[in-house]
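Notes follow once the structure below has been shown.
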Amino acid sequence: MSSEKTPIPLGSNFIRAIVDKDLEQGAYASRKWAGSPGDAAHQAAGQPDTAKIRTRFPPEPNGYLHIGHAKSIFLNFGLARDYNGVCHMRFDDTNPEKESQEYVDSITDSVKWLGFGWENSGESNLYFASNYFDFMYRAAEALIENGHAYVDSQSAEEMRINRGTLTEAGKNSPWRDRTVAENLALFREMRDGKHTDGSLILRSKIDMASPNINLRDPAIYRVRRAHHHNTGDKWCIYPMYTFAHPIEDALEQVTHSICTLEFEDQRPFYDWLLERLAEAGLLAHPLPKQYEFARLNLTYVVLSKRKLIQLVEEKQVSGWDDPRLPTLAGARRRGYVAEGFKLFTDRIGVSKADSWIDYSTFEDCMREVLNINAERRIAVLDPIKLVIDNYAENHVEDCFAPNHPLKPELGKRVVPLTRELWIEREDFMEVPSKGFFRLVPDGLVRLRYGYVVKCTGCEKDAQGNVTVVHCEYLPDTKSGTPGSDSVKVKGNIHWVSTQHAYECEVRLYDRLFKEAHPGEGDRDFLNDMNPNSVTVITAQLEPNLKDAKAEDSFQFERHGYFVADKKDSVAGKPVFNRTVTLKDAWQK
RNA sequence: UGGGGAGUCGCCAAGUUGGUUAAGGCACUGGGUUUUGAUCCCAGCAUCCGAAGGUUCGAGUCCUUCCUCCUCAGCCA
């Protein structure tokens, strides 16, 4: 048995492999944590960090979170959870012009909704990049003092020209050799509001000939007179992402800084900056390391912030929480559930390969958890009347329907049976197509949880449309009675008593786009929108559905999963959104 | 055409230091169960790892060349 292979752990991916190795080698064992973010001196006075690893989820509060962010959330928070670490919730708010409290609120809501928090044993790991502006300023001065940064007087246009191209080296700025004293004075003037927006900029001094354009003296601090949602008007200079992000990670003692692939080229600067600050004594080793993974691409949706904003602003959808949008706020209203997101992220994995996930994979995950969690109810979405001609006119009879076929402990509920019922229009065919085994003239079918009935015919209007279907019931065949099995039928249809039904608005949602890759090639993505992405109907529901609370999910049997709308439901009068249909091997 | 990445079954994705039969999931296809044409169960599903050469007793894993795709030239993140 020496050749026994060790089983591959579930959810194994390259990032976990890195963490495993780091932990095994004790790469971060010497870290200290003073209970809050801070520089080398601050952390040195703390205790050995009990968190084995620290990760962070660092959105910019300039929009709503979407399904793509969910991947990052589960990755970062999930890693921390699985490795006895901590994941920080951090707002990367270094660009005041785009950010707002509204976005901060929606983001925290969504992350909590997915099941994560940042309170750990009395410590809140909710942070803002803007909390670190003082340190960032100090770090910038340290860079200047050590000859690693300078104030440039070139215009943005001049800088662009002198940056060179992908294949040609850039040219040094004529201001690159200002003295430390001069740079320091100028930078302080920038801070003190002595210079207009855009007139001066602080740049790191690295190499204008670097083949990596991100190393050609990247800008790190700009003058920008804008009100910040958090720091108000305290600052008129703001750090750039490139400069701010590594510092945020370091101050928070983050070990594994995980971001998407497009930041790969920034990693050399990330390391360069942190090393320079460590040399200056502002930070201590071990320093955080950046790792990149492939962002999520999902068919039939758009995840770009620009496009999402366009859909909302042009009122193509009802708002950021439109149930058809891939935003987490929209997904929640749609009835998608957090546990389904977890399943989804586990299922798609994490790698560096660009990939497109079929939207159906996402839907399947939702079906899978909803199948387990959602109680069953009966709903007739496209009603047509069925009359049981041999059933007593005013009789009301109790039928018993299990709340969940997989969970008998959830009990049964009573649904009233009467002479006139609503059934699904598509469950009757006067001339059946091949393979159809529901209601047909002279055919037998079971009224689910009730009796077997025999169809006796139908009535039609002047146009030939069926208006009423007639049948007769077989008295000994009631579900749950000894005789119920006496007659075997293949068809099984659902129904609601016309006199008891809850007439209700139901929104049938479908995909927002009709193309797998909206806007692919030179098409305008708006032209790829599905004109039938929502159909509002009036359905006939089983009466107790009136008591559904907002955000309660149900399986409407034989149809799919539906949720009582979070926004438009009122007590005693919920309205429902279709989350996802059931799989249907017949219609396809 | 410079730099940095990626290419394993229809869609994802494991494949540590080369070791001999290429995980797993989803989808799909059969069959069974079923008062949801759902669920569930069982079975099947890459002689091949972007291509071509090479090294080796042995290569998805090493070397060479080539191909394809993504990404970087904001005082955005």
Side-chain angles (χ1 to χ4, degrees), chain A residues 3 5 7-14 17 20-21 58-60 62 92-95 97-99 152 154-156 159-161 163-170 197-203 210-216 218-224 238 240-242 244-245 259 261-268 292 294 299 305 346-358 360-361 364-365 367-368 371-372 376 378 401-402 405-406 435-438 446-450 452 479-480 484-485 488-494 555-560 581-587:
Chain A
S3 62
K5 281 188 176 178
I8 297 157
L10 193 70
S12 165
N13 63 51
F14 79 100
D20 284 338
K21 193 177 171 199
E60 181 187 14
N62 69 342
D92 207 351
D93 55 353
T94 56
N95 184 4
E97 290 173 314
K98 293 183 172 178
E99 299 151 5
D152 198 344
Q154 291 183 107
S155 65
M159 268 180 62
R160 188 181 61 74
I161 291 166
R163 187 153 28 233
T165 68
L166 294 178
T167 53
E168 297 166 286
D197 289 12
S199 59
L200 250 35
I201 190 156
L202 185 69
R203 292 228 255 172
S210 172
N212 180 350
I213 292 180
N214 295 286
L215 259 24
R216 319 241 262 229
I220 57 180
Y221 247 108
R222 78 279 211 183
V223 181
R224 181 74 75 253
Y238 291 96
M240 301 286 291
Y241 163 87
T242 311
H245 207 90
C259 60
L261 250 24
E262 64 271 29
F263 294 101
E264 274 180 315
D265 298 341
Q266 308 240 24
R267 193 184 339 125
E292 310 86 12
T299 59
K305 203 161 271 182
D346 285 347
R347 196 166 276 180
I348 64 176
V350 177
S351 76
K352 301 188 74 151
D354 295 311
S355 62
W356 281 90
I357 307 294
D358 291 332
S360 59
T361 298
D364 278 334
C365 292
R367 283 192 189 98
E368 201 164 313
N371 177 48
I372 302 300
R376 313 285 116 130
I378 301 167
L406 306 174
F436 183 85
F437 54 72
R438 277 109 90 163
R446 176 173 292 279
L447 295 179
R448 201 159 157 73
Y449 310 128
V452 171
S479 294
S484 66
D485 291 338
K488 292 281 185 191
V489 293
K490 194 164 187 198
N492 209 293
I493 67 174
H494 62 274
Q555 183 196 97
F556 287 178
E557 294 191 65
R558 303 211 298 137
H559 283 304
T581 61
L582 249 30
K583 277 190 201 165
D584 189 346
W586 161 244
Q587 291 196 14

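Chain letters run A, B, ... following the sequence lines, proteins first, then strands; residues in each count from 1.
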Nearest-Å distance for atom pair [atom1]/[atom2], residues [X] and [N]:
{"X": "A:Glu168", "N": "B:G2", "atom1": "CD", "atom2": "C1'", "answer": "10 Å"}
{"X": "A:Leu166", "N": "B:C70", "atom1": "CG", "atom2": "C1'", "answer": "14 Å"}
{"X": "A:Trp356", "N": "B:C69", "atom1": "CH2", "atom2": "C1'", "answer": "13 Å"}
{"X": "A:Gln266", "N": "B:G5", "atom1": "CD", "atom2": "C1'", "answer": "14 Å"}
{"X": "A:Asp346", "N": "B:C11", "atom1": "CG", "atom2": "P", "answer": "22 Å"}
{"X": "A:Arg163", "N": "B:G3", "atom1": "CZ", "atom2": "C1'", "answer": "15 Å"}
{"X": "A:Gln154", "N": "B:G74", "atom1": "CD", "atom2": "P", "answer": "13 Å"}

Exercise for the section: Mind checking side chain to side chain donor-acceptor pair (under 3.5 Å) for A:Arg216 and listing every partner two or more places apart, or none if nothing turns up? Expected result: none
Practice task
Could you tell me whether A:Arg376 contacts a base, only the sugar-phosphate backbone, or nothing, with contacts defined as non-hydrogen atoms closer than 4.0 Å?
Solution key: base
Problem - Between A:His494 and A:Arg558, a side-chain donor and acceptor under 3.5 Å - result: yes
Exercise for the section: Check the side chains of A:Tyr449 and A:Glu557 for a donor-acceptor pair under 3.5 angstrom, ignoring hydrogens and angles. Expected result: yes
Exercise for the section: Would you confirm whether A:Asp92, through its side chain, and A:His245, through its main-chain N or O, come within 3.5 Å as a donor-acceptor pair? Expected result: no
Handout entry: Watson-Crick/G-U partner (both atom distances under 3.5 Å) of B:G44
Key = B:C28
Practice task
Hunt down the Watson-Crick or G-U wobble partner of B:U21, both distances under 3.5 Å, from any strand shown, or write none.
Solution key: none
Problem - B:C76 OP1/OP2 closer than 4.0 Å to side-chain N/O of A:Arg224 - result: yes
Exercise for the section: Answer yes or no: side-chain N or O of A:Asp265 and base N or O of B:G3 forming a donor-acceptor pair under 3.5 Å. Expected result: yes
Exercise for the section: Kindly indicate whether the side chain of A:Arg367 and the base of B:U39 share any N or O donor-acceptor pair separated by less than 3.5 Å? Expected result: no
Practice task
Assign B:G10 to syn or anti; the rule is syn for a glycosidic angle within 90° of 0 and anti otherwise.
Solution key: anti
Problem - Student check: side-chain heavy atoms of A:Leu406 and A:Ile372 closer than 4.5 Å - result: yes
Exercise for the section: Identify whether a stacking contact exists between A:Trp586 and B:G37, where the ring centres must be under 5.5 Å apart and the planes under 30° apart. Expected result: yes
